[in-house]
Every structure is written in C-alpha cells, then in structure tokens.
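In the text below, chain A, chain B and the rest are named by the order of the sequence lines, each starting its count at 1.
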Number of protein chains: 2
Amino acid sequence: MAVSNVDQIMLQAQNVCAENGLKLTKKRRQVLHALVMSTTALSAYELRESCKTETGDLLPPMSVYRILDFLQEAGFVHKLNLSNRYTACVHIACNHAHRFSQFLICVKCQLVTEINIPELTINNMKSDAESAGFELTKPQLEISGVCYTCKNKAA
Amino acid sequence: MAVSNVDQIMLQAQNVCAENGLKLTKKRRQVLHALVMSTTALSAYELRESCKTETGDLLPPMSVYRILDFLQEAGFVHKLNLSNRYTACVHIACNHAHRFSQFLICVKCQLVTEINIPELTINNMKSDAESAGFELTKPQLEISGVCYTCKNKAA
DNA sequence: AGAATAATGATATATGGTATCATTGCCGCT
DNA sequence: AGCGGCAATGATACCATATATCATTATTCT
C-alpha cells in the first residue's frame, strides 16, 4: 500500500472495530500494519517474518491465517488469488462503502494497485453473467498487467 | 466442460498441434481428454487419478504439471487461480481466435462456465486500467457466483 | 545405427493452508 | 481481588499444491 497516513489508517481500523464489537488485538494490529506499510502484496509466510519479536519468535502459520481471516472479515485486507498473497484495502481510512474491487498487478515488479470498478463496468459484467445463467456474488477482479514505470523502463 | 462432441474436440486439438509442430502425445491426450469430459475444473492431483493405468500407476506430479503447462501454452487449457484447478478451453473445437476469457464459477456446485467478454467490457476495463497507470496484458477474469440451478434449488 | 533433442519418470523438497487440541489472556461478575 | 467463561493464540501434525534436479525413455534426423 505504501501510504503516508499510516497512523490515520490504523486509528480508523481501531475505530471501526470498536463500533462493531471486533477486537483489534496487538498481533492483528501488527499484521495489518505490516500490510499497510508494504507496497507489494505479502504472503502469509512473509508476514510471519514481518511480525517477528525482538527475540526472533515467529507467529505460528495457523495464527497468521486466522488473523488474516479476521482482517478479511473486517474488510481491511484482501487476498489476491493470482499470487496467494495479501494486501491492505485502500479504503480503510476513507471509510468508503465497499464496492467491487479490482486489482491491477504488475507482472514485472509485483506492484499492486486497487481501483474501484465503475458502476457501468460492473453492470455490464452482471448482465453478461446473467445471460450465461449466473448471478454474481463477490466479483473481485485480479488482472495482470504492466505498470507504466516498468513499461517505460523496458523502452 | 461436458460436451457431446468430445471426439471432434480431440481431433481438432490433434490438428492444431500438427499445424504448429506440437506433439500431442498419448499422456497429453489423456489429460486433455479428462478435462474435456469433466463438468467441473480438476486439480492436478485429481487428474493423476483420472489418468491412471490399468495397473493403477499414477502419473508423477511433475509430469502432470508439465503436461498442463504444455496444454496451456497450446491454448487448450486454462488454469483457474481461484481454485487452483484446470479446465479445458471451450474454444478448441470452434477454433475461435482467442480473446480474453472470463470464467463464472458457481460457489455451490463448482460448475465452471467460460464466456467471452464483449468487446465493450474489455475496452472499458482497458481504459480503467490506463487511468490507473497500467497496461493490461492477459486479463483472464474469474468471478464467483451462483448458477441458476443452484439458485433455484435454494429457493 | 548413433547422435541430438524432446518427453517422461523418480526423488526430494519448497510453499500454501488446515485440523486438532492445548494454553493463554481478557472481561465481567460477585 | 479472585474466579468463571470465552475469545485469541500457540503447538504439533498434517494435507494440498507446486517446483528443482537429475535420470531415463522416446522420437527424430542424419
């Protein structure tokens, strides 16, 4: 995510939890913080590293996955299935209503950019799906591409 | 895929390979055939089962993955990243030019339906991505939903 | 036939994720 | 403060997905 207002994001997350009876414990904060700080999506096992204690202890994998589940439930984190990695939601601080999200993933540098899908695109997709006999539920789109930085580097 | 014209599909695959100097060996045919016959996407390890010999020998995992790589290169098979499963391309027999594909995956029964994305939707997505500083390369979309059969069952 | 190359096999291991049961820590109560 | 109950975390074991590496078998080409 790599943002400047990290503190504000963490505070907002804390507030959202308080309002909904969810507990943002120390470890959960640690994991969320690591994701918010990272420009790229992180794997569960990379997150263990990011959260290790001064004595070098790692979180057990089970805990990492449970914490990720919690953070996803709360809407703070998305899982990217293309890479089996996790990324902080860009809308934590702005408290947007959560719409269908779309992730643009650079195949060269792994940069992840989350954008909102315009209403129009969503509606088109919904009716395309309907024609094929499907009702859409949770269309999270993950699309591979090349970011302009990498594209320019190549040229 | 679950189609009636299985033989025609296999024949067409054979022809495409011949035209392009690719070898559709016996094992590759076996794997492709298993995928063409299945209504749901199959995992690599399920494919081992589908292709076992009379004596019960299984393909080594490495071979399955290599064969799947080959079939994907040839455009006969898609990998679904949402489920880490593989499915035959619906366009083998009709020999369509390959456009961006979209998969509708039923969360209840695992039915997979491949549809073409209308030109319009693609172009919208491309310009959305461009606004965010991305150039799209291989937009394969995988979308969760509920097929009408399951939806009606629920009601 | 023999060399070169492509395909497959075998073994080991990395990586991603879950099941299960034990332990810890927090919260409210009296 | 002490205690009971429940949520969160830890520990161990394990399954599922995928790859690295080297050995062997088939094809193809001369």
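Without hydrogens or angle criteria, A:R28 side chain to A:I67 main chain gives no donor-acceptor distance under 3.5 Å. Without hydrogens or angle criteria, A:E142 side chain to A:N81 main chain gives a donor-acceptor distance under 3.5 Å.
For residues 103-130 of chain B, the ring-ring contact (aromatic ring centres under 6.0 Å, His included) pairs, not counting sequence neighbours, are B:H78-B:F103.
With rounding to the nearest 0.5 Å, the separation of CD in A:Q12 from CG in A:N5 is 10.5 Å. In this structure, CG on B:L71 lies 11.5 Å from SG on B:C89, to the nearest 0.5 angstrom. For the atom pair SG (B:C106) and CG (B:L111), the distance works out to 6.5 Å, reported to the nearest 0.5 Å.
Scanning both residues, A:F70 and A:L24, for their nearest heavy atoms gives CE2-CD1, 4.2 Å. The minimum heavy-atom distance between A:Q72 and A:K79, with the atom names listed, is OE1-CB, 3.5 Å.
The CG-P distance, from A:N84 to D:dA16, rounds to 16 Å in whole Å. Counting to the nearest Å, the C1' atom of D:dA8 and the CG atom of A:L59 are 12 Å from each other. Remark: P of D:dT17 and CG of B:L68 are 12 Å apart, rounded to the nearest angstrom. The distance between atom CG of B:L42 and atom P of D:dA16, rounded to the nearest whole Å, is 15 Å. Per the geometry, CD1 belonging to A:I67 stands 10 Å off P belonging to D:dA8, to the nearest Å. Distance CE (B:M62) to P (D:dT17): 16 Å, rounded to an integer number of Å. A:R85 has its CZ atom 19 Å from the P atom of D:dT17, to the nearest Å. For the pair A:N20 CG and D:dA7 P, the computed distance is 17 Å after rounding to whole Å.
Base contact: A:Y45 has a heavy atom under 4.0 Å from a base atom.
From the 5' end on, the contacts that DNA chain C makes with chain B at under 4.0 Å to a non-hydrogen atom open and close at C:dA6 to C:dA10.
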Within the sub-3.5 Å range, which N or O atoms of nucleotides 24-30 of chain D have a protein N or O partner, and how far apart are they?
none

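The side-chain heavy atoms of A:T121 and A:Q102, taken from C-beta on, include no pair separated by under 4.5 Å.
Residues satisfying the side-chain contact (heavy atoms from CB on, under 4.5 Å) criterion with B:E119, sequence neighbours excluded, are B:R99, B:N123.
For residues 24-34 of chain B, proximity to DNA chain C is found at B:T25, B:K27, B:R28, defined as any non-hydrogen atom under 4.0 angstrom from a strand atom.
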For residues 143-153 of chain B, tabulate all N or O donor-acceptor pairs below 3.5 Å that involve a side-chain atom, not counting sequence neighbours.
residue	atom	partner	partner atom	Å
B:K151	NZ	A:E135	OE2	3.4
B:N152	ND2	B:Y148	O	3.2

